[in-house]
Amino acid sequence: MSSEHGLHVMLSYHWDNKELVSKIYKVLRSRNLPVWMDIHGGIGFNLFQSMADGVENAAVVCCFMTPKYQNSRNCEKELLYAERRRVSIIPCRLTRDWEPSTWLGLITAGLVWVDFREAIDMNIDLKIDRLIDQIRIVTGKKFNCFLQGLIEISKINALNNLYPMLPQTAEKSDHATLTDSTSIVSRQHQTVSNVNMKPTPPPVPPRPNKNLIRERLVDLELIDDKKENNLPLSSRKPDICEIPAQHQADTCSIPDILPLSPSKINNEKKRTGIAIDYSKFDRSPRIIGDDNDEISFCCPSGVAISKTGLIYIADQQNQCVKVIPLLRSDKPILSRPFNRPKGVHIDEHGRILLTEQNRLVILDHELNLLKSIGNHGSKPGEFNVPWGVATDWSSNIYVCDQMNNRIQKFDTDGQFLLEWGYEGEHVGQFYYPHFISISGNRVAVSDQLNHRVQVFDCFGNYHYKLGEPGSEPGQLSCPFGVCIDGNGHIAVSDHDNNRIQFFDENGDVKCILDKEANPLFNFQGVHGLALTYDGGLLITDYKRSGKHRLFIFA
């Protein structure tokens, strides 16, 4: 398959990985990308002539790197020929704890690589999406499918006059990026920490000087220095507020933001946070998005609830955020398009924090843009697939910067404060941090492919972890959503085990929600979590070929 200009995406791989690469090939074809793969019509009578044609007509070559790929003479010829012809190359890593060297290390040094290590059905779509994003950056306007996608989004926005697409105030639009050849080259050849030879990691994750950070927060009156210095980990501060009774009745229309005066905020700091009400799991949940429901989702991810009882859901593949009343949910009262939204959180001031394609956006309660933070990259304040987002009692913002394997912390205005973490398996390191939750001085992070939850304080100091790989009680397999309550209890979406596990303040399993506990808890792929204001729980759940739902325990 080729485009009208004869250009295509070439997939270069070792024969041992043909099954995985074939899956990628089919998905790229389904997204209208012109793709060349030898076993799918790419090889003719003459093997080497076919390989040469594949390279000569390639706009980009995606090489799937393994030790066997590096040792293959044919793979070496293929990629060296692509480099000599100045064809863009996107390295794809398939092997953990291995770095390309010799000829392969030289060719791919400094290139942005895509991580296909430990690719399984649960995460393959996400990894392919990242590959497509990188193809878009590298190839620019060479493929009409990318420009057509932008046209389709524009058509959607034109039909939705009430809620137009976000203006690009803080970064270039995708279309602008496609037309800027200088930007394309700089992104393709930027230096990142995950390429070339891996340096020996320091004993603790590097982060900015904490004393300087503390002084800044004290100067801004965001912390009380005397109290903060003596703050124990078990000290309880809320990360959510109760809904006054007079504001709970009417949730049919978009409400005004409830004012938070300084005295209100100060009182909230001293109040014990919301505690999980385990009695709510003794009754049947309400399920939205099931077969007969008027509201449908496609890969719902993050979820949050406002002080006035409105549920905000990041509907990832439908590329929108939907707003649903907690009490009456026949249909969404608001839906607005975003670029693959992932994590959503509501801070103490009623602002909606949303992670989408390589940036964090701050919105008002009607999803109008207030501020955009960050763009693609690995420097402080930049993102590579940001996911979970949360705030502490001072409205500082914490973001799981997933592909950079770190947590970034910003002040309430979006100014960078500090970061912690890098790729690894030791304490304080991450392998795809996914979601984050904060209560008081505890910061809980789901460390997806390390199969654990790590708990830190608000300055990134490691305290303890929950879980280890497995399916027994207390073990985890690809944890996604995480919620920590005012008592230090932690709820975890145990994704691959299709269950929710609750850990008490001592790290012991207190409760498990799965089909064994109740046949109605037929989770297929639990994802995002959010606490309601009466101790209930919201759960997004989906499977690639299954149902896409929201469970409400309230």
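Although no hydrogens or angles enter the test, the distance criterion places no donor-acceptor pair under 3.5 Å between the side chain of Q454 and the main chain of V443. Using a distance-only test at 3.5 Å, with no hydrogens or angles considered, a donor-acceptor pair links the side chain of E356 to the main chain of N339. The backbone N or O of G525 sits less than 3.5 Å from a side-chain atom of D541, completing a donor-acceptor pair. With hydrogens and angles ignored, the 3.5 Å screen pairs no side-chain donor or acceptor of S301 with any backbone N or O of G343. Proximity of a side-chain donor or acceptor of T532 to a complementary backbone N or O of G536 within less than 3.5 Å is detected. Between the side chain of N17 and the backbone N or O of L20 there is no donor-acceptor pair closer than 3.5 Å. No donor-acceptor pair under 3.5 Å is formed between the side chain of R359 and the backbone N or O of P386. Side chain of D485 to backbone of I276: a donor-acceptor contact under 3.5 angstrom is found. The backbone N or O of T308 sits less than 3.5 Å from a side-chain atom of S306, completing a donor-acceptor pair. Not a single donor-acceptor pair under 3.5 Å links the side chain of K409 to the backbone N or O of V399.
By the side-chain contact (heavy atoms from CB on, under 4.5 Å) test, P67 is found to be paired with T95, W98, residues two or more places apart in sequence or in another chain being considered. For the side-chain contact (heavy atoms from CB on, under 4.5 Å) test, residues two or more places apart in sequence or in another chain that qualify with R96 are R117, E118, E425, Y431, N450. Partners of D413 under the salt bridge (Lys or Arg N to Asp or Glu O under 4.0 Å) rule, at least two apart in sequence or in another chain, do not exist in this structure. Residues satisfying the side-chain contact (heavy atoms from CB on, under 4.5 Å) test with K515, not counting sequence neighbours, are N522. For F523, the ring pair (Phe, Tyr, Trp, His ring centres under 6.0 Å) partners two or more places apart in sequence, or in a different chain, are F551. Applying the side-chain contact (heavy atoms from CB on, under 4.5 Å) criterion to E505, with sequence neighbours excluded, gives H489.
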Exercise. For E468 and H451, run side-chain hydrogen bond (donor to acceptor under 3.5 Å, both in side chains): C-alpha distance rounded to whole Å, both residues' side-chain angles, the deciding distance at 0.1 Å, then the answer.
Key: CA-CA 6 Å; E468 59 183 13; H451 310 292; over 6 Å; no

Exercise. Step by step, work out the side-chain contact (heavy atoms from CB on, under 4.5 Å) result for V303 and L529.
Key: CA-CA 6 Å; V303 60; L529 297 179; 5.7 Å; no

Quiz item: Given E516 and R499, is the salt bridge (charged side-chain N to carboxylate O under 4.0 Å, His left out) satisfied, shown in steps?
Solution: CA-CA 10 Å; E516 291 186 10; R499 63 187 181 184; over 6 Å; no

Self-check item: Test log, rule side-chain hydrogen bond (donor to acceptor under 3.5 Å, both in side chains), inputs R351 and T412
Solution: CA-CA 10 Å; R351 303 181 305 174; T412 187; 3.1 Å; yes

Quiz prompt | Intermediate values then yes/no, side-chain contact (heavy atoms from CB on, under 4.5 Å), I24 and L131 | solution = CA-CA 9 Å; I24 296 170; L131 176 60; 3.9 Å; yes

Self-check item: From CA spacing to verdict: side-chain contact (heavy atoms from CB on, under 4.5 Å), I305, L326
Solution: CA-CA 8 Å; I305 185 168; L326 175 64; 3.7 Å; yes

Self-check item: Worked verdict on N497 versus D514 for side-chain contact (heavy atoms from CB on, under 4.5 Å)
Solution: CA-CA 9 Å; N497 290 324; D514 59 9; over 6 Å; no

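Using cut-offs of 30° and 60° on the angle between ring planes, the pair H495 and H527 is perpendicular. Classified by interplanar angle (parallel below 30°, tilted 30° to 60°, perpendicular above 60°), the ring pair F502/F281 is tilted.
Atoms CZ and NE2, on F456 and H463 in that order, are 9.5 Å from each other to the nearest 0.5 Å. In this structure, the separation between CG on N396 and CZ on F410 is 11.0 Å, given to the nearest 0.5 Å. Rounded to the nearest 0.5 angstrom, F416 CZ and Q408 CD are separated by 5.5 Å. One distance of note links OH of Y398 with CD1 of I407; it measures 10.5 Å at 0.5 Å rounding. One finds the OG atom of S378 at 6.5 Å from the CZ atom of R406 (value rounded to the nearest 0.5 Å). Separation of atoms OG (S446) and CD1 (I490) is listed at 11.0 Å; rounding is to 0.5 Å.
Contact of the I500 side chain with the V526 side chain is registered, since non-hydrogen atoms from C-beta on lie closer than 4.5 Å. The closest side-chain heavy-atom distance from I287 to L550 is not below 4.5 Å. Residues S395 and H349 form a side-chain contact, since some pair of their non-hydrogen atoms from C-beta on lies under 4.5 Å apart. Side-chain contact between V455 and K465: absent, with no pair of heavy atoms (C-beta onward) separated by less than 4.5 Å.
Taking the centre and axis of the six-membered ring of Y432, the NZ or CZ atom of R130 falls inside the cone set by 45° and 6.0 Å. A cation-pi contact links K510 to Y278, judged by a cut-off of 6.0 Å to the six-membered ring centre and 45° from its axis.
The six-membered or imidazole ring of F480 lies away from that of F435, with a centre-to-centre distance of 6.0 Å or more. For H548 and F297, the distance between ring centers is not under 6.0 angstrom. F553 and F521 have their aromatic ring centers within a separation under 6.0 angstrom.
For the pairing with D315, the salt bridge (charged side-chain N to carboxylate O under 4.0 Å, His left out) check across K342, R549, K322, R336 returns one residue only, K322. Between R340 and the choices T355, N358, D129, the side chain to side chain donor-acceptor pair (under 3.5 Å) rule is met once, by D129.
Here D115 does not pair with R93 in a salt bridge; the nearest charged N to carboxylate O distance is not below 4.0 Å. Salt bridge K280/D534: present, at least one basic N to carboxylate O contact under 4.0 Å.
A donor and an acceptor atom, one from each side chain of Q402 and H434, are located under 3.5 Å apart.
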